[in-house]
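Values below: every heavy atom of this structure, side chains too, minus hydrogens, waters and symmetry copies.
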Amino acid sequence: MLCSLYSVRRAENDDSFLLDYRWQPREEEEGERMLVNTKELLEDAEKNNYAVAGINTTSLTMLRAVLEAAEEEKMPVILSHAQLHEPCAPMEMMAPLMKEAAKRSSVPCALHLDHGTTESYIYKALSLGFTSVMADFARFSFEENVERTRKVTEVCHEIGISVEGEYGEMPSNVEGQGRALPEGKTLEYFFTKPEKAAEYVEKTGVDSLVVSFGSVHGIYVEKPAMDYRRLGAIKEALPDVPLVMHGGSGLSEEDTRKCIDGGIRKINYYTYMACEPAARLPEYIAGFPKPPYFHEICEYAREAMKERAAYAIRLFKNRGQVRSGYRQERGRAGMENRSE
């Protein structure tokens with residue numbers, strides 16, 4: 001039994017949203033069994049001590065790079081779309097590409113909305129077939145964040161969509177995402193408080209939680225100092241909740257493995273992969289006797305980003321400790337024998 005989602009509309013008398021949908025039996029389309037939600041992927045990661053890569057795909061070139069890397073590594077992947085990328089990659093255009101690519105994939109894929117900052121955009125993602133969303137209301141007070149996230153989570157859980165939550169804000173070097181460190185404050189200003197995290201999860205019902213303990217969005221301007229004691233305390237407070245780390249680019253391999261061993265089950269990775277073609281393209285273009293076609297540049301960029309994505313996905317296996325098969329209920333087969 002699968003759900004057909006028809007629309008999400010604003011209530012007439014207040015600012016709440018109403019979900020209009022109906023359940024109807026239908027057969028799964030060919031390949032649809034590989035389109036799953038993030039909760040299912042992270043449960044397997046929790047059992048087998050690895051992390052799933054969540055990578056934003058802002059073009060067909062990038063989508064192909066990420067998916068081909070995951071297939072070569074025989075690992076599940078979370079194909080993400082961030083709301084802040086809407087101007088350069090409209091979700092209504094990207095969602096059908098992402099969904100079709102996931103259905104054709106040989107590995108389980110989730111379609112995830114990254115940093116959904118408004119209810120209307122989140123519900124639009126649901127109507128376009130996303131299987132997972134991040135409800136990012138961290139800019140509001142703790143109380144308002146909880147209430148907004150709780151309402152989104154209730155809607156999503158009705159139709160089997162998983163929700164990633166965040167309280168507080170991640171430090172960021174990316175314009176339009178998170179915020180810079182306030183003057184006079186240290187990085188610990190942003191760090192997640194274990195007791196507050198537990199309260200947030202209990203009140204909102206989210207399936208996974210973004211935690212801050214040293215990583216930042218964007219390019220690192222100095223070596224990150226990760227607070228593993230804090231990560232341990234958060235995991236102790238939330239033993240059954242998969243933890244998510246944003247800002248996965250730029251960490252050392254040692255730090256990445258420590259994070260995974262400490263309970264991180266999803267790692268967002270984008271910046272270093274997205275910037276890789278720019279570092280290589282000048283030399284590539286200079287090797288042509290005449291300007292290359294744009295599609296040739298795209299193909300070169302795809303290979304460069306694919307290398308970066310494959311490196312991250314391979315690293316997130318956590319020393320290759322991926323042993324058991326991944327299977328989903330309701331007839332959706334997953335993957336087996338993913339060890340190297």
Side-chain angles (χ1 to χ4, degrees), residues 5 32 34-46 51-59 62-63 65-67 69-70 75-86 89-103 105 107-119 121-138 149 152-153 155-157 159-166 170 177 206-211 217 241-249 264-271 273-274 309 312-313 316 326 328 332 334:
L5 176 64
E32 195 173 21
M34 286 304 178
L35 182 57
V36 300
N37 68 33
T38 297
K39 179 181 179 180
E40 295 160 359
L41 297 182
L42 300 191
E43 286 175 350
D44 190 68
E46 182 69 31
V52 183
I55 307 179
N56 286 329
T57 56
T58 60
S59 68
M62 191 171 291
L63 176 61
V66 172
L67 198 49
M75 289 291 289
V77 68
I78 298 168
L79 304 174
S80 302
H81 172 85
Q83 185 168 347
L84 69 88
H85 290 146
E86 179 66 20
M91 181 168 61
E92 286 187 343
M93 299 180 69
M94 287 303 303
L97 295 175
M98 296 168 68
K99 186 174 182 179
E100 184 62 26
K103 288 164 61 176
S105 174
V107 297
C109 301
L111 301 189
H112 177 71
L113 175 62
D114 186 30
H115 290 283
T117 58
T118 62
E119 288 90 346
Y121 199 83
I122 291 172
Y123 296 141
K124 183 179 180 180
L126 301 187
S127 70
L128 291 171
F130 280 68
T131 61
S132 172
V133 301
M134 177 190 177
D136 184 358
F137 301 119
T149 303
V152 167
T153 302
V155 170
C156 289
H157 282 179
I159 52 173
I161 305 299
S162 54
V163 180
E164 177 182 313
E166 178 182 21
M170 283 281 297
Q177 185 172 357
V206 295
D207 301 292
S208 60
L209 179 70
V210 180
V211 293
H217 287 123
V241 178
L243 303 180
V244 177
M245 181 175 70
H246 289 197
S249 297
I264 295 296
R265 298 297 167 234
K266 172 176 175 275
I267 300 178
N268 282 20
Y269 183 87
Y270 175 75
T271 298
M273 181 196 73
I313 293 169
F316 299 167
Y326 169 71
Q328 185 181 6
R332 293 184 176 185

Indicate the atoms forming the closest heavy-atom contact of [X] with [Y], along with that distance.
X: S208; Y: V241; answer: CA-CG1, 4.0 Å
X: T149; Y: F137; answer: OG1-CD1, 3.5 Å
X: L67; Y: S105; answer: CD1-OG, 3.7 Å
X: A135; Y: V163; answer: CB-CG1, 4.2 Å
X: M98; Y: L111; answer: O-CD2, 3.7 Å
X: A125; Y: L113; answer: CB-CD2, 3.8 Å

Between [atom1] of [X] and [atom2] of [Y], what distance do you get to the nearest 0.5 Å?
X: S127; Y: E92; atom1: OG; atom2: CD; value: 7.5 Å
X: T131; Y: I159; atom1: OG1; atom2: CD1; value: 10.5 Å
X: R265; Y: L42; atom1: CZ; atom2: CG; value: 9.5 Å
X: T57; Y: I78; atom1: OG1; atom2: CD1; value: 12.0 Å
X: F130; Y: N37; atom1: CZ; atom2: CG; value: 14.0 Å
X: H81; Y: T58; atom1: NE2; atom2: OG1; value: 9.5 Å

Determine yes or no for a side-chain-to-main-chain donor-acceptor pair under 3.5 angstrom, with E86 supplying the side chain and M91 the backbone.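 Checked: pair present.
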Side-chain donor/acceptor of S162 to backbone N/O of T38, under 3.5 Å: yes
For D136 and Q83, what are the C-alpha separation, side-chain angles and deciding distance, and is it a side chain to side chain contact (heavy atoms under 4.5 Å, CB included)? CA-CA 10 Å; D136 184 358; Q83 185 168 347; over 6 Å; no
Side chain to side chain, [X] and [Y], heavy atoms closer than 4.5 Å:
X: E119; Y: V155; answer: no
X: H85; Y: M94; answer: no
X: N56; Y: S80; answer: yes
X: V77; Y: M75; answer: no
X: E43; Y: E46; answer: no

Please evaluate residues H112 and D114 with respect to the criterion side chain to side chain contact (heavy atoms under 4.5 Å, CB included), reporting the C-alpha separation (whole Å), side-chain torsions for both, the decisive distance (0.1 Å), and the verdict. CA-CA 6 Å; H112 177 71; D114 186 30; 4.3 Å; yes
Between Y269 and F316, how do the two ring planes meet: parallel, tilted or perpendicular, split at 30° and 60°?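 Ring orientation of Y269 relative to F316: perpendicular.
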Any side-chain donor near an acceptor of the partner, H157 and D207, under 3.5 Å: yes
Set out, in order, the CA-CA distance, both residues' side-chain angles and the distance that settles side chain to side chain contact (heavy atoms under 4.5 Å, CB included) for V52 and D44, then state yes or no. CA-CA 10 Å; V52 183; D44 190 68; over 6 Å; no
